[in-house]
Structure formats: structure tokens, C-alpha cells
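Letters A, B, ... are given to chains in the order of the sequence lines, protein chains preceding strands, and every chain is numbered from 1.
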There are 2 protein chains.
Amino acid sequence: MYEVYFEHFNKKVPLTEAEQSLIKSRLAVKKIRKKQYLLQEGDICKTIAFVEKGLLRSYTVDENGGEHIMQFAVEGWFISDLYSFLTGEPATYNIEAVEDSELVMISKSAYDELLTKCAKYEKFSRILITGAYIALQKRINSLMSFTLEERYETFMKQYPEIAQRVPQHMIASYIGLTPETLSRVRKRIATNK
Amino acid sequence: MYEVYFEHFNKKVPLTEAEQSLIKSRLAVKKIRKKQYLLQEGDICKTIAFVEKGLLRSYTVDENGGEHIMQFAVEGWFISDLYSFLTGEPATYNIEAVEDSELVMISKSAYDELLTKCAKYEKFSRILITGAYIALQKRINSLMSFTLEERYETFMKQYPEIAQRVPQHMIASYIGLTPETLSRVRKRIATNK
DNA sequence: CGAATCTCTTGATCAAAATCAATGCTTTTT
DNA sequence: AAAAAGCATTGATTTTGATCAAGAGATTCG
């Protein structure tokens, strides 16, 4: 049930048995079915979810009803509305299961407790968030500097496994364009090869 | 010399005198004049810089020579090419002083040492990077979902002090549009009020 | 001080991407 | 198995923002 989680954890920060049980005792497991919501805009985000199995997305909805995907999370990734989680303010993101998924959940109180009680938990958290930060910088650069073709190809190269598991219009949303435009971009790429 | 740095540090994570001297002994001060580079694309990023005084920007240059600003850093912020810093790969960003600046610098070896020797340094690092991560998510959302007007107004509201210290074309670059377009956006905003 | 460089604005034109609309295919659901 | 919903593509049109070009202040630098 916690295999993927601790496998990742130990890869970044090796744990003793005792540390592992302490952490495990503060976690909870949750199963969620496709199209169900883990979080909806306006609610307070009470947990950080780590994906054991499955695939989720977080997204915002703009004033015209358009969806904009902020993040995909597959096995080994975490997903949350961190701002809401840390501040207790209402969430700006929706989080929805794209596939039936199994999650390892941590509440705010458990999170705070583990951060103070367990130095390795803090280290793991820092490492994860640092990697996520670097990935977001790359994404901003892609949004600002790349052509549509480059944005699409960078995504496909960087996340081939996600590309195979989500519909194309979600890829379009993630890289910031409409489904129609992505379809034409793909056609352009296909013909110029 | 380290006033701003430790003021921020203590605000997030209170330090004892001993901890403070340990950390201070691993830091270095650097002054840099306007228009000078702290880092150039292709070089290895050897340090994380914390801004004591002044203002810097990091940016990429695209294939047409266009500049895209990834980050501004003013007093109390850090700036670096974290990917290059952590991996030793060549930097993708340029970092340039927009004003004469005073920096508190930490090298990779000192960073690694402090992370292992000083739990509070790790905590401070985690808190800083978490805040930076949340800010980047907001920026991506702004790039994907907002109109140009909203992007500009969000920037002005969020960073009024930066807005007063950098030329407009840098704001344009940061929010992902051309100087000409920003000029017209400002005009639209002015006339509709 | 005077020349050069920056900075911002405005106008005209062009190119790119969004939007609107329709169709054929799959996949789900009942 | 039929109906419904979801998905990708294509075409026509419109809108948006980039580009090209010029000029008028500021500011900086020698």
C-alpha cells in the first residue's frame, strides 16, 4: 500500500525501520475513482496526496469556463493546492482523478508534526519541492519562449508516459493552447518529417 | 553586511547565536554593479545569491535573440540557476544586476554542508523554495488563463516596488509580451477608467 | 555640454492562434 | 445493441498580439 511512496522516499533519503514506521503511522491511504474530485475550487485543501497508482490532474477554470491544467501527477508524484494547504485559504485549483487512483495522504497536522519530529521528512520535502520548482521554471520558459511545436514536442519528450494516458485535449490545456490548435500543430509536425 | 539575510532567516526560523555564526562563516559577500553579470548562460552556476540590497534579473535568450525574464530578485529574495547549481550542468539562465547590488553568496559545498549540519538551514531552505514554488504556479496560471490586462495588473499589484524600479519593457518581458503591446495595454486600462 | 543610448509611444501591417461550426470515430453508458 | 457522450480533425472566419517603422522625450556617458 505504501510501496511506491517509501521506494521514492528511500531513493532520495534512506530511512531506518523506526523512521519508516513513524512516518507510516501518520499517513493514510485513499482510493479514488476516475472523474472523482480530490479537491474543488473554494474548498480548503486539507491534504497533500502522493500518487501510488493512477493519474490525477489539477486545473483552474477561467471566467469563460475554460479549463487550464496546472499539473498532472502520476505514480511517484505529489499533488495538492499547496497554497491552500499551508495557509488554510480556499483552494484555487480543482484536483480530479483522470484514472482510478490510489493515494497516500498526509494531513496538515501530520505534515507539521513530521517536519519537526523527523529531519529526514524535512529533507525529503525539500528535495521534492526543489525538483518541482525547477520543473515549473522550465514550464514558464516554455510558455514564454517556445513555439507551439517546441512546447508540444518538449512535453511529449519529457512526459511520454503521461502523453499516452491522457486525451490530447488535456495535453493542449497543459501546454496552453486549444485542442484545435494542437491538432493542427501535430499535423504540421507530421508533414514536415 | 548580513543584516537583511539574517533578519529574514530569523523571521522564518529563529536562530541561536551559535547557529548564526556557523551559517555566517559559510557565507560570502559580493558587490555587483549595474549591468554586470552574476551568471551567463552556458557557465556552471556555482552559487545561490541572496539579495541584501539592489535588484537583479534572470532571463533566457531565445533563438531570435529575444529576452525572457524568468525572475526578478529584490532585497530578501534569492536568485540562482538552481538546476545548474544542483546538477553542475551548464546554466540556461543569465543573471544580471539591474541596480548596483549587494549579495550574500553561498557555494555548493557550503550549501551541502549547512543542509546536513544545521537542521534550521534545511528548514529555511524548504520554506523559501516552497514559497517560490507557489509563486511560480500563480505565474503559470496567469500566463495560461489571464488576459493581458489581468496579467499586467496582477503584476503591478503583486510587485509594486519592482514595478517602480525596472523599465517597462522588463515588465513586458516578465509577463510574456512585447513592449509595444504592453504600452497599448496600459493605454486601454487608462482610458477605461 | 553634446552625442549617444534608452525608453516609451503610436501607427500600419502581418501572422498566428482562437473561435465557431460541422463531421466521423470511439468509447461509455444504459 | 442502441443511444449518448467524448474525442480528434478540418474548414472558414475573426481576433489578438507580434512585427516593422518612426519619432519624441529622458537619461547616461564621454
R188(A) to Y152(A), cation-pi by 6.0 Å centre distance and 45° axis angle: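 Cation-pi check for R188(A) and Y152(A): fails.
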
Taking the six-membered ring of Y174(B), is NZ or CZ of R151(B) closer than 6.0 Å to its centre and within 45° of its axis?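 That pair does not qualify as a cation-pi contact.
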
What is the distance from [atom1] of [X] to [atom2] of [N], rounded to the nearest Å?
{"X": "L148(A)", "N": "dA18(D)", "atom1": "CG", "atom2": "P", "answer": "13 Å"}
{"X": "E150(B)", "N": "dT16(D)", "atom1": "CD", "atom2": "P", "answer": "14 Å"}
{"X": "E149(B)", "N": "dT16(D)", "atom1": "CD", "atom2": "C1'", "answer": "11 Å"}

Check R57(A) with E67(A), please: is the shortest side-chain N to carboxylate O separation under 4.0 Å?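 So E67(A) pairs with R57(A) through a salt bridge.
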
How would you summarise protein contacts on nucleotides 8-14 of chain D per nucleotide, using B for base, S for sugar-phosphate only and - for none, with heavy-atom distances below 4.0 Å? SSBBB--

Does the protein touch nucleotides 22-30 of chain C at the base, only the backbone, or not at all? Give it as B, S and - per nucleotide, heavy atoms under 4.0 Å. ---------

Do F72(B) and Y159(B) have ring centroids that are under 6.0 Å from one another?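 No, the ring centres sit 6.0 Å or more apart.
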
Can D62(A) and H68(A) be counted as having a side-chain donor-acceptor contact under 3.5 angstrom?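 A donor-acceptor contact under 3.5 Å links the two side chains.
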
Any side-chain N or O of T178(B) below 4.0 angstrom from OP1/OP2 of dG17(D)?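 No, because none of the side-chain N or O atoms of T178(B) sits under 4.0 Å from OP1 or OP2 of dG17(D).
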
Partner residues of F146(B) under the ring pair (Phe, Tyr, Trp, His ring centres under 6.0 Å) criterion, sequence neighbours left out: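 So F146(B) forms no ring pair (Phe, Tyr, Trp, His ring centres under 6.0 Å) with any residue.
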
Criterion side-chain contact (heavy atoms from CB on, under 4.5 Å) on M156(B) and I171(B), from CA distance to verdict: CA-CA 9 Å; M156(B) 296 303 283; I171(B) 298 176; 4.3 Å; yes

Stepwise ring pair (Phe, Tyr, Trp, His ring centres under 6.0 Å) test for F50(B) and Y5(B): CA-CA 7 Å; F50(B) 181 92; Y5(B) 183 76; 4.8 Å; yes

